[in-house]
Amino acid sequence: MEQATSHPVENAATHRIVVKTFPVGPLQCNCSIIGDTLTGKALLVDPGGDAERILQQLAELGLKVVAIIHTHAHLDHILAAGEIKKVTGAPIYLHEGDIFLWEGVEEQCRRFGFPSIKLPQPDHFFTDDQDLGCCGGVALHTPGHTPGSTSFWFEECKTLVAGDTLFKGSIGRTDLWGGDFEEIVRSIRERLYTLDDDAEVITGHGPNTRIWLEKESNMFVRA
Ligand SMILES: [Zn+2]
Ligand SMILES: [Zn+2]
């Protein structure tokens, strides 16, 4: 008897990779699950709150988190990291440039009027261009919004997770701790606008965009 194949046989990676984005937490940060349906492994980006909902999404997709990765350490992107780590056992990744924000999470909570939380220390710091070990993802250091801001590039499915560095028609604010306007402009021009024009950009808050669209129409950074 013929064996049925449970996965699409076309070898295009896009058929294997699942990208699911949904807003979480008090400031509706976009949390993303990027998973490989063949291996069952996934990266979890920016668990900014609503741990239960994140875990439910993972269960529905049938994926196991192998790394909890952060675009930066503003509180609205990290609030549920500890809870997710406790349940999944996955290691936490952050760029070292944002460790002062991570360790200062209680101070951030006070500043923004949120109940105070404690977080475990990150398990690993990203290096620039680091292979994320899942879905062909690579970490790009894109400082400016914060010193350790990092974007995640998935060549195989032409998807960029830009955090608060690039928004649809806008860019991240640089007036908070360690922000630097010239640096964010340089990061966007040199690291993001050099990616595929057609790439889908998942932003830190609000709708997705495309690289070509921002190059043509972003009022803050033109190509
Ligand atoms: Zn931010
Ligand atoms: Zn944010």
Side-chain angles (χ1 to χ4, degrees), residues 13 17 19 29-36 39 41-48 63-78 80-82 84-85 88-105 108 119-166 171-172 174 176-196 199-204 211 221:
I17 298 177
V19 180
C29 146
N30 283 327
C31 172
S32 295
I33 295 166
I34 296 157
D36 184 330
T39 63
K41 293 179 181 172
L43 299 168
L44 177 65
V45 189
D46 287 357
L63 294 168
K64 178 179 157 48
V65 186
V66 293
I68 304 164
I69 63 179
H70 298 90
T71 59
H72 63 300
H74 280 154
L75 86 167
D76 55 317
H77 295 252
I78 63 178
I84 301 288
K85 181 183 172 175
T88 64
I92 292 173
Y93 286 75
L94 181 74
H95 191 280
E96 193 172 10
D98 272 13
I99 190 65
F100 73 106
L101 290 167
W102 186 277
E103 290 176 344
V105 68
Q108 291 194 62
L119 290 175
Q121 282 295 104
D123 297 282
H124 303 284
F125 291 132
F126 293 120
T127 51
D128 195 15
D129 292 321
Q130 181 176 339
D131 181 342
L132 297 169
C134 186
C135 300
V138 175
L140 309 177
H141 183 211
T142 48
H145 176 60
T146 63
S149 280
T150 301
S151 304
F152 306 117
W153 170 235
F154 297 86
E155 171 87 48
E156 290 172 21
C157 59
K158 304 260 182 276
T159 300
L160 175 75
V161 184
D164 287 357
T165 296
L166 184 62
I171 64 172
T174 52
L176 291 170
W177 310 279
D180 185 318
F181 182 76
E182 278 169 29
E183 216 165 31
I184 198 172
V185 169
R186 195 180 324 124
S187 289
I188 293 169
R189 269 212 185 104
E190 294 179 3
R191 303 303 304 273
L192 305 187
Y193 282 2
T194 49
L195 300 170
D196 289 57
E200 178 102 28
V201 182
I202 298 168
T203 65
I211 293 290
V221 190

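Values below: all heavy atoms of this structure, side chains included; hydrogens, waters and symmetry mates excluded.
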Decide yes or no for [X] and [Y]: does some side-chain heavy atom of the first lie under 4.5 Å from some side-chain heavy atom of the second?
| X | Y | value |
| --- | --- | --- |
| Q121 | I99 | yes |
| R189 | V221 | yes |
| I92 | W102 | yes |
| V19 | I202 | yes |

Listed by chain and number, what are the side-chain hydrogen bond (donor to acceptor under 3.5 Å, both in side chains) partners of [X], not counting sequence neighbours?
| X | answer |
| --- | --- |
| N30 | none |
| S32 | T21 |
| K85 | D123 |
| S151 | T142 |

Partners meeting salt bridge (Lys or Arg N to Asp or Glu O under 4.0 Å) with [X] (sequence neighbours left out):
| X | answer |
| --- | --- |
| D180 | none |
| D36 | R16 |
| E103 | none |

Pairs satisfying side chain to side chain donor-acceptor pair (under 3.5 Å), at least one member in residues 90-101, at least two apart
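For residues 90-101: D98-T146.
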
Contacts of [X] that satisfy side-chain contact (heavy atoms from CB on, under 4.5 Å) - sequence neighbours left out:
| X | result |
| --- | --- |
| T174 | F181, I184 |
| E155 | W153, K158, D196 |
| V66 | K41, L43, C134 |

State the [atom1]-[atom2] distance between [X] and [Y], to the nearest 0.5 angstrom.
| X | Y | atom1 | atom2 | value |
| --- | --- | --- | --- | --- |
| L140 | T165 | CG | OG1 | 10.0 Å |
| L132 | F152 | CG | CZ | 6.5 Å |
| I78 | D46 | CD1 | CG | 9.5 Å |
| H70 | F126 | NE2 | CZ | 8.5 Å |
| I34 | L44 | CD1 | CG | 9.0 Å |
| T150 | D128 | OG1 | CG | 8.0 Å |

- Query: Between H141 and P147, is there a donor-acceptor pair closer than 3.5 Å when you use the side chain of the first and the backbone of the second?
  - Reply: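 Such a contact is found between H141 side chain and P147 backbone.
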
Looking only at heavy atoms, what is the nearest atom pair of [X] and [Y], with distance?
| X | Y | result |
| --- | --- | --- |
| G82 | P120 | CA-CD, 3.6 Å |
| P143 | S187 | O-OG, 2.7 Å |
| A90 | A67 | CB-N, 4.1 Å |
| H124 | P91 | CD2-CB, 3.9 Å |

* To do: Kindly state each residue pair satisfying salt bridge (charged side-chain N to carboxylate O under 4.0 Å, His left out) with at least one member in residues 129-142, sequence neighbours excluded.
  =>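 Qualifying pairs: D129-R191.
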
Fill in: CD (E182) with more than 12 external heavy atoms under 6.0 Å
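Check fails, neighbour count at 12 or below.
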
Given the rule in the side-chain contact (heavy atoms from CB on, under 4.5 Å) test, do D164 and T71 qualify, once you have shown the distances and angles that lead to the verdict?
CA-CA 8 Å; D164 287 357; T71 59; 5.9 Å; no

